[in-house]
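To start, the structure itself, in structure tokens.
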Amino acid sequence: MKLWKALTVVGMMVCLMLSGCGSHESTDSKHVKELKIAISPYQDADTMKTATEPLGKMIQDKMKEKGYTIDKVTMNVGTSYGAVGEALSSGSADMGFISGATYVAYDQDVDVLLTALRQGIDKDTDDLTVWNNGSKEAFTNNLVTYYRSAIVVGPSPKGQAILQKVKNGQQPTWEELNNLTWAVMSPASASGYLYPSLYLKEHYGKKISDLAHVVQSDSYTTSTARLASGQVDVLVAYSHIRAHMADKWQSVFGGTGDIWSQTGVIGVTGKIYNDTVSVSKTSQVMQDEGFRKALGESLIEIGKTEDGLKVLKTLGHKGYDWAKREDYDGERTVQKELKS
């Protein structure tokens with residue numbers, strides 16, 4: 001009898017270890033030891049890391065409300081857009097804040113979960129006379145799902161000469177543009193490379209890779225600082241770059257006047273779908289569809305809170321909405337066109 005009881009106890013212990021006899025659901029299915037988040041370098045790494053640190057705790061709290069316990073959230077700022085794409089592709093990062101261009105470039109191993117919402121800007125056109133009419137660009141209260149890229153010249157003599165030509169209604173020649181020093185982002189960046197490159201192809205039959213003087217920046221902050229100091233003549237960035245960097249132009253970057261008097265816009269692209277929250281297909285954590293859904297819901301809810309918006313401001317995001325793969329078909333067309 002004692003032997004039978006002992007065997008019964010052992011059997012019960014085995015059942016418990018296997019998460020319950022007759023049950024296929026693991027008791028640990030809603031327990032995640034670590035969620036690894038990779039962040040694209042929208043600004044310099046130190047600023048990004050410090051400003052987004054509270055987001056980890058917010059995600060833990062929201063996920064706990066939905067029945068998921070996450071012991072640790074690790075957030076790292078990538079050295080480049082491509083580095084974040086590679087991290088998601090390999091599964092060394094579970095989730096990432098990445099551009100639509102980066103998502104499309106790595107979509108064999110990455111799924112899009114959410115699209116970011118941004119504050120709209122009052123200049124939403126490719127008409128250069130509007131951008132250079134002397135009025136400052138201003139943010140509106142409308143949340144939008146797209147933006148544009150702008151080609152912005154700075155205070156250097158070469159930059160100002162091109163700007164004057166544009167203000168006179170003339171189109172710069174390729175030779176004039178090729179004589180400028182350009183600040184660009186990595187080739188995976190939508191507004192910092194891909195769409196401006198397509199703009200050049202449409203207007204001149206050339207691409208950024210054909211330019212003679214190109215400097216790749218690690219962030220838009222770096223590009224703007226280089227423009228203010230005259231290290232570069234022109235930068236390519238999201239079209240609200242001037243409104244975003246206006247306060248730092250003189251105090252941080254050393255501009256000798258305000259950003260509106262020292263810069264101008266010589267090109268504006270078509271619409272670009274907003275950044276994404278994307279997840280790794282190769283991450284073990286993201287194999288759970290329930291976890292993905294809860295994570296998306298959590299970020300949408302965080303984006304509707306005052307504290308959440310303070311953190312997301314560093315990413316340039318004003319909240320999130322669900323995304324579909326086909327939302328980024330336009331981006332796929334851009335990349336295909338440039339490869340050809």
Side-chain angles (χ1 to χ4, degrees), residues 35-43 48 52 55 59 75-118 144-149 184-198 218-220 236-238 269-283 285-287 289 291-293 295-300 303 312 314-339:
L35 177 65
K36 293 169 286 186
I37 300 176
I39 305 172
S40 295
Y42 302 113
Q43 298 187 51
M48 295 289 295
T52 57
L55 184 60
I59 290 173
M75 292 188 291
N76 289 304
V77 181
T79 55
S80 67
Y81 285 81
V84 176
E86 291 289 349
L88 289 169
S89 182
S90 67
S92 59
D94 305 304
M95 184 194 98
F97 293 95
I98 62 176
S99 68
T102 306
Y103 156 62
V104 169
Y106 292 91
D107 65 359
Q108 285 190 339
D109 299 311
V110 177
D111 281 331
V112 64
L113 182 67
L114 305 174
T115 188
L117 299 174
R118 295 176 185 268
V144 295
T145 57
Y146 68 87
Y147 62 111
R148 299 174 187 270
S149 174
V184 307
M185 297 295 288
S186 79
S189 169
S191 60
Y193 196 98
L194 286 170
Y195 279 77
S197 198
L198 182 63
D218 59 355
S219 70
Y220 287 116
V236 291
Y238 46 84
T269 73
K271 297 176 181 178
I272 309 170
Y273 216 79
N274 283 345
D275 292 341
T276 78
V277 174
S278 292
V279 299
S280 171
K281 294 181 185 180
T282 56
S283 159
V285 173
M286 292 302 168
Q287 302 306 309
E289 289 294 333
F291 184 87
R292 285 191 187 196
K293 184 174 183 294
L295 182 61
E297 290 172 347
S298 296
L299 286 167
I300 289 172
L312 298 181
T314 309
L315 304 175
H317 301 169
K318 287 284 186 178
Y320 300 98
D321 200 355
W322 296 106
K324 302 185 294 294
R325 186 181 190 279
E326 53 267 31
D327 290 339
Y328 292 86
D329 283 348
E331 181 65 39
R332 292 181 178 88
T333 300
V334 168
Q335 295 195 23
K336 182 179 179 182
E337 183 69 20
L338 289 178
K339 285 178 182 177

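Every value quoted in this text rests on a predicted model; they were computed, and no experiment measured them.
Within a 6.0 Å radius of CD in Glu326, more than 12 heavy atoms belonging to other residues, nucleotides or ligands are found.
To the nearest 0.5 Å, atom CE of residue Met95 and atom OG of residue Ser280 are 12.0 Å apart. Of the inter-residue distances, the one linking Ile98 atom CD1 with Tyr81 atom OH reads 11.0 Å to the nearest 0.5 angstrom. Atoms CD1 and CG, on Ile39 and Leu55 in that order, are 7.0 Å from each other to the nearest 0.5 Å. Here the CG-CE distance, from Asn76 to Met48, works out to 12.0 Å after rounding to the nearest 0.5 Å.
Closest of all the heavy-atom pairs between Ser283 and Ala93 is CB-O, 4.4 Å. Nearest heavy atom pair, residue Val277 against residue Leu299, reads CG1-CD1, 3.8 Å. Shortest non-hydrogen contact noted between Val112 and Ala323 is CG2-CB, 3.7 Å. Considering all non-hydrogen atoms of both residues, Gly82 and Ser186 come closest at N-OG, 4.3 Å.
Residues Leu113 and Met286 have side chains not in contact (no heavy-atom distance under 4.5 Å, counting atoms from C-beta outward). Taking 4.5 Å as the limit, some side-chain heavy atom of Ser40 sits within range of a side-chain heavy atom of Val84. Annotation: side chain of Asp275 is not in contact with side chain of Leu315 (no heavy-atom distance under 4.5 Å). Residues Leu295 and Ile59 form a side-chain contact, since some pair of their non-hydrogen atoms from C-beta on lies under 4.5 Å apart. Taking 4.5 Å as the limit, some side-chain heavy atom of Asp111 sits within range of a side-chain heavy atom of Arg292. Taking 4.5 Å as the limit, some side-chain heavy atom of Phe97 sits within range of a side-chain heavy atom of Ile37. Within the 4.5 Å cutoff, no side-chain heavy atoms of Val279 are placed close to those of Asp94. Residues Leu114 and Ile300 form a side-chain contact, since some pair of their non-hydrogen atoms from C-beta on lies under 4.5 Å apart.
A salt bridge is absent between Glu289 and Lys293; no separation between the charged side-chain nitrogens and carboxylate oxygens falls under 4.0 Å.
Using modelled atom types, one finds a donor on one side chain and an acceptor on the other under 3.5 Å when comparing Tyr195 with Glu331.
Residues passing the salt bridge (charged side-chain N to carboxylate O under 4.0 Å, His left out) test with Lys271: none are found, sequence neighbours excluded. Residues that satisfy the ring-ring contact (aromatic ring centres under 6.0 Å, His included) test with Tyr106, not counting sequence neighbours, are absent from this structure. By the side chain to side chain donor-acceptor pair (under 3.5 Å) test, Ser90 pairs with Ser92, sequence neighbours left out. Residues satisfying the side chain to side chain donor-acceptor pair (under 3.5 Å) criterion with Ser191, sequence neighbours excluded, are Tyr220.
Formation of a donor-acceptor pair under 3.5 Å by the Ser99 side chain with backbone atoms of Thr102 is found in this model. Between the Arg148 side chain and the Thr269 main chain, a donor and an acceptor come within less than 3.5 Å of each other. The closest donor-acceptor contact from the side chain of Ser149 to the backbone of Tyr238 lies at 3.5 Å or more, if one exists at all. A donor-acceptor contact shorter than 3.5 Å is absent between the side chain of Asp218 and the backbone of Thr79. A distance-only check finds a donor-acceptor pair linking the side chain of Gln287 to the backbone of Lys281 [under 3.5 Å].
Applying the salt bridge (Lys or Arg N to Asp or Glu O under 4.0 Å) rule to pairs touching residues 315-324 yields Lys324-Asp327, sequence neighbours excluded. Pairs of residues two or more places apart, or lying in two chains, that qualify as salt bridge (Lys or Arg N to Asp or Glu O under 4.0 Å) and include a residue from residues 98-109 are Asp107-Arg325, Asp107-Arg332.
Among Tyr328, Tyr103, Tyr320, the one residue that satisfies the side-chain hydrogen bond (donor to acceptor under 3.5 Å, both in side chains) test with Thr115 is Tyr328.
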